[in-house]
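Right, one structure below, let's go through it.
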Amino acid sequence: VIIQAPMAGSQGSALAIAVCKAGGVGSLPCAMLSLEAMRAEILAIQAATDRPYNVNFFCHALENLRPPMVSFHFGLPSPELVDRIKKMGAQILSTATTVEEARWLEARGVDRIIAQGVEAGGHRGMFLTDDVTTQLGTMALLPRIIDAVRVPVIAAGGIADARGVKAARALGAAGVQVGTAYLSCIEATTSAVHRAALAAPHHTALTNIITGRPGRGIVNRVMRELGPIRADVPSSRAPRSLWRRCAQRRRSWAKVISRRCGPGRTSARTRTCRPPRSPARSRQSN
Ligand SMILES: Cc1cc2nc3c(=O)[nH]c(=O)nc-3n(C[C@H](O)[C@H](O)[C@H](O)COP(=O)(O)O)c2cc1C
């Protein structure tokens, strides 16, 4: 299975629908949506496709709309909420960045674990540690997590074409989750500045100075001058709102914000989306 990674701020239902129609699992990130907007986006997906799709949260949840899959970043919500989602009939996925996190998630009833390597674009889903030196690359992390748990494991981080899918499957992944490669699709809401940066040669780094949590983005002036990793950043949304206020004042928000992405290649051309071709589609078990 190829899951389009939920990418808050860079996409909505249009990308999820396009990916579902192309044969993958489209995801809707809900972290930056109001309840009303989330509802409208989910209804749009349900109206457009019968294929399974995923809705994603930074640890909160929903009812009534009965999505087939719900994924979380940064651990899980309360056990009661996890139980309610299961009773709704949804499969639960969550991100692990270490073997310990994978075991923790399995013990709490997660149906599939997303093994997120350190090369992944966007926030690290780390939740049992904030020590970035514990973070392994996808191909090193994946077999360790597969050996440690019984549930199917999805590989995420740096996978951008059929070779990456093949490598992940060779190591035992039940599927892959791909983010950065979808950022240049026409259905994504990626900003023009972000698209231009992705199309040019670029350098990505892990940084915690944009939101207070470690994440991978294209190195920009803020990261060069202040970071990329600092011990004295508040672990909250404060830095981001500070940058937002500064940037709005100077009308250069797009230059200041993090341009999140991993090292995975994206097409320089704007294109309609197709998930990377899986070399083993016919043998998919999940
Ligand atoms: C721009 C961007 C935004 C992201 N936002 C989210 C999000 O809202 N929720 C989430 O679970 N993961 C998010 N991620 C992380 C992805 O789930 C996934 O781990 C990552 O994209 C995989 O690595 P890749 O980008 O190299 O394919 C985001 C990634 C990117 C690039």
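For ligands, and for the atoms within them, numbers begin at 1 and follow the listed sequence.
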task = Determine, considering heavy atoms only, which of G179, S27, G121 sits nearest to atom 29 (C) of ligand 1.
result = G121
request  = Find all atoms of ligand 1 within a distance of less than 4.0 Å from any non-hydrogen atom belonging to S10, and give their numbers and elements.
outcome  = 1 (C)
inquiry  = Quick check: closest heavy atoms across I145 and A115, and the distance to 0.1 Å?
reply    = CD1-CB, 3.8 Å
query = For Q177, is at least one N or O under 3.5 Å away from an N or O on ligand 1?
reply = yes
ask   = Below 4.0 Å from any atom of ligand 1, is there a heavy atom belonging to A31?
value = no
task = Output the list of atoms in ligand 1 that are nearer than 4.0 Å to some heavy atom of N56, sorted by atom number.
result = 7 (C), 8 (O), 9 (N), 10 (C), 11 (O)
query = By number and element, which atoms of ligand 1 are closer than 4.0 Å to a non-hydrogen atom of T180?
reply = 24 (P), 25 (O), 26 (O), 27 (O), 31 (C)
ask   = Do F127 and H73 have ring centres separated by under 6.0 Å?
value = no
inquiry  = With heavy-atom distances below 4.5 Å as the criterion, would you say the side chains of N56 and F72 are in contact?
reply    = no
ask   = Is it true that the side chains of Q177 and Q116 contain a donor and an acceptor less than 3.5 Å apart?
value = no
query = Quick one: does A8 get an N or O within less than 3.5 Å of an N or O on ligand 1?
reply = yes
query = Is the shortest distance from a Lys or Arg side-chain nitrogen in R213 or D130 to a carboxylate oxygen in the other one below 4.0 Å?
reply = no
query = Backbone, side chain, both or neither: what part of M7 comes under 4.0 angstrom of ligand 1, heavy atoms only?
reply = both
ask   = For T204 and R216, does a side-chain donor sit closer than 3.5 Å to a side-chain acceptor?
value = yes
ask   = Should one rank G157, G158, A5, G125 by closest heavy-atom distance to atom 22 (C) of ligand 1, which comes out on top?
value = G157
ask   = N/O of H194 under 3.5 Å from N/O of ligand 1, yes or no?
value = no
request  = Side-chain contact test, heavy atoms from C-beta onward, threshold under 4.5 Å: evaluate it for T190 versus M7 and give yes or no.
outcome  = no
request  = Please report the closest heavy-atom contact between V118 and Q135, naming both atoms and the distance.
outcome  = CG2-CB, 3.7 Å
task = Verify, without hydrogens or angle tests, whether R51 (side chain) and G23 (backbone) share a donor-acceptor contact under 3.5 angstrom.
result = yes
key: Numbering as shown, the atoms of ligand 1 that approach V178 to under 4.0 Å (heavy-atom distance)   = 27 (O)
task = Could you establish whether A181 and ligand 1 come within less than 4.0 Å of each other, counting only heavy atoms on the residue side?
result = no
query = Under 4.0 angstrom from ligand 1, any heavy atom of S71?
reply = no
